[in-house]
Amino acid sequence: MNISEDNNRIIIHGIKDFHPDHTFDNGQCFRWSKEADGSYTGVAFGKVVNINYFNGDVIINNASLKDFDEHWKNYLDLERDYSVIKKTLAKNDPQMMKAISFGHGMRILCQEKWETLISFIISQNNNIPRIKKCIESLCTNHGSYIGEYKGKIYYGFPKMDDLAQMDAGDLSLCRLGYRANYIIKAARQVALDGGKTLNSLDTAAPEKAHEYLLSLTGVGPKVANCIMLFSMRKYNSFPLDVWIKRVMNQIYSIDVGNVKRMQNYAGKHFGEYCGIAQQYLFFYAREISKVSDQDQRKA
DNA sequence: TTCCAGGTAGCCG
DNA sequence: CGGCTACATGGA
């Protein structure tokens with residue numbers, strides 16, 4: 001990997017298959033916001049960074065080489081060759097080929113497990129703009145101060161032990177609705193062993209990880225699969241939300257209610273990287289829907 | 001007003 | 001087990 005460092009900035013040269021929009025605005029993460037120049041600023045690992053891409057270079061502002069090696073390289077999944085995966089998924093599937101060309105620069109992030117757990121509990125029966133607002137409010141009200149970057153103040157994600165000691169009323173400012181109770185309960189469950197079990201799940205068998213996550217309040221099969229896919233590198237997890245159910249029905253003609261058949265089909269048709277396939281489809285379905293919304297407003 | 005959003009817990013057969 | 005429904009919130 002060809003990296004240069006200057007002035008609190010890291011540049012990784014010769015990276016293909018990366019685009020900030022496809023990676024940070026595809027519903028896998030909720031704390032990245034787009035800047036006027038097309039870059040994204042976000043928080044992870046208690047640090048604020050700004051990320052852009054230009055002519056094969058991934059540019060990470062406000063980061064050291066040490067930070068990159070410890071966190072961002074893994075977080076951005078930069079060492080994986082997505083071209084091979086894309087080729088395999090698109091083979092004999094013109095619809096998938098379309099979805100992939102739409103989101104060709106998508107990377108599946110490897111996020112922090114605790115934050116991903118809480119974020120996707122919030123995501124249930126909710127929409128992405130409001131999920132972002134809820135999480136931002138959770139951080140500003142209950143996270144620790146990180147610092148200022150380009151005129152904005154940033155906070156970390158609330159600590160597990162802090163949430164475990166609260167009750168739902170303490171979260172009322174965050175407008176989480178009925179999910180506030182789920183979060184408190186899940187936090188208490190995870191905190192029982194100081195998060196040791198949760199943090200060991202990336203090396204656990206997928207079935208074991210899934211089983212533990214399902215034991216947490218507010219976590220069902222869909223949320224568990226998101227956590228496994230977006231924070232544990234378990235790429236054979238296939239989250240089935242309302243959008244993907246529609247896609248599976250429209251493209252692959254599976255009955256809307258037949259979740260089990262959708263899961264089976266995904267595993268067989270897309271294989272070990274079905275979770276990545278799912279994310280291309282999710283991004284594609286939502287972008288298409290945005291375009292048709294605009295058409296409807298014009299008409 | 002009603003419907004919808006990256007669903008799940010609780011309950012009932 | 002599978003099916004059904006209530007659940008907070010805010011935007012369209």
Side-chain angles (χ1 to χ4, degrees), chain A residues 22-32 99 103 106 108-109 111 115-138 141 167-189 210-232 234-235 237-250 255-263 266 274-299:
Chain A
H22 304 171
T23 296
F24 298 115
D25 197 21
N26 76 356
Q28 65 175 323
C29 53
F30 304 103
R31 295 206 69 198
W32 292 87
M106 181 204 72
I108 301 291
L109 299 175
Q111 302 177 67
E115 174 176 336
T116 309
L117 163 67
I118 300 302
S119 297
F120 278 93
I121 290 178
I122 292 174
S123 80
Q124 65 172 260
N125 202 37
N126 210 340
N127 59 68
I128 289 178
R130 210 176 82 84
I131 297 165
K132 287 183 176 173
K133 280 182 190 167
C134 289
I135 292 172
E136 224 30 61
S137 174
L138 193 60
N141 285 300
D167 56 32
D170 297 323
L171 296 175
S172 58
L173 280 175
C174 306
R175 315 299 290 158
L176 303 177
Y178 66 90
R179 305 167 196 83
N181 267 311
Y182 293 174
I183 286 171
I184 301 293
K185 285 187 183 173
R188 289 177 185 168
Q189 289 172 282
H210 201 255
E211 185 186 344
Y212 175 76
L213 292 169
L214 282 184
S215 76
L216 303 175
T217 304
V219 179
K222 188 271 172 184
V223 168
N225 279 327
C226 283
I227 298 165
M228 290 165 65
L229 179 59
F230 301 135
S231 75
M232 296 174 186
K234 302 205 182 295
Y235 302 109
S237 310
F238 193 83
L240 266 168
D241 75 315
V242 290
W243 294 91
I244 294 299
K245 284 177 187 170
R246 280 199 283 261
V247 167
M248 296 302 280
N249 172 250
Q250 286 166 14
D255 288 346
V256 190
N258 202 338
V259 173
K260 196 172 251 179
R261 221 188 121 208
M262 291 180 183
Q263 287 284 359
C274 61
I276 299 182
Q278 176 276 157
Q279 202 57 17
Y280 285 121
L281 291 173
F282 182 80
F283 184 77
Y284 179 58
R286 283 178 44 83
E287 292 299 312
I288 291 292
S289 137
K290 281 181 197 171
V291 172
S292 66
D293 283 354
Q294 284 169 13
D295 291 347
Q296 279 191 3
R297 273 196 292 276
K298 281 179 199 165

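Proteins get letters first, then strands, A, B, ... in listed order; numbering begins at 1 in each.
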Looking at A/Arg246, does any N or O in its side chain come under 4.0 Å of the phosphate oxygens OP1/OP2 on B/dA5? yes
If you round to the nearest 0.5 Å, how far is CG of A/Leu240 from CZ of A/Phe282? 12.0 Å
Check whether the side chain of A/Arg175 and the base of C/dA8 form a donor-acceptor pair under 3.5 Å. no
Under 4.0 Å, counting only non-hydrogen atoms across every strand here, what does A/Leu216 touch: a base, just sugar-phosphate, or nothing? sugar-phosphate
Rounded to the nearest 0.5 Å, how far apart are CG of A/Asn127 and NZ of A/Lys133? 8.5 Å
Close aromatic pair by centroid cut-off 6.0 Å: A/Tyr182 and A/Tyr178: yes
Quick one: label A/Asn26 by what it contacts on the DNA or RNA (base, sugar-phosphate, nothing), any heavy atom closer than 4.0 Å. base
Could you check whether A/Thr217 and A/Gln189, counting side-chain N and O atoms only, form a donor-acceptor pair closer than 3.5 Å? yes
Take atom P in C/dA6 and the same atom in B/dT2, then report the distance between them in whole Å. 14 Å
Of the options A/Leu216, A/Val219, A/Leu176, which is the one that meets A/Ile121 in a side chain to side chain contact (heavy atoms under 4.5 Å, CB included)? A/Val219
What is the distance, to the nearest angstrom, from the CZ atom on A/Arg179 to the P atom on B/dG6? 11 Å
Once you round it to whole Å, what is the distance between P of B/dG7 and NZ of A/Lys222? 5 Å
Which of B/dG10, B/dG7, C/dA8 is nearest the side chain of A/Gln124? It is B/dG7
Taking atom P of C/dG11 as reference, at what distance in whole Å does atom CD1 of A/Ile131 sit? 14 Å
How far, in whole Å, is C/dA8 from B/dC11 if one measures between their P atoms? 14 Å
Earlier contact from the 5' end, DNA chain C, for A/Tyr182 and A/Lys260: A/Lys260
Between A/Met248 (CE) and B/dG6 (C1'), how many Å, whole number? 15 Å
Distance in angstrom units between A/Asn181 CG and C/dA8 P, rounded: 9 Å
Those residues of residues 275-287 of chain A lying under 4.0 Å from DNA chain C by at least one heavy atom: none
Here DNA chain C, pairs taken as Watson-Crick or G-U under 3.5 Å and shown with ( ), [ ] when crossing and | when to another strand, reads .||||||.||||
Indicate, with a heavy-atom threshold strictly under 4.0 Å, whether A/Gly218 touches base, sugar-phosphate, or nothing. sugar-phosphate
Given atom NZ of A/Lys133 and atom P of B/dG6, what is their separation to the nearest angstrom? 13 Å
Touch class at under 4.0 angstrom, heavy-atom based, for A/Ile121 against every strand present: nothing
Measure CD1/A/Ile227 against P/B/dG7 and give the value in whole Å, please. 13 Å
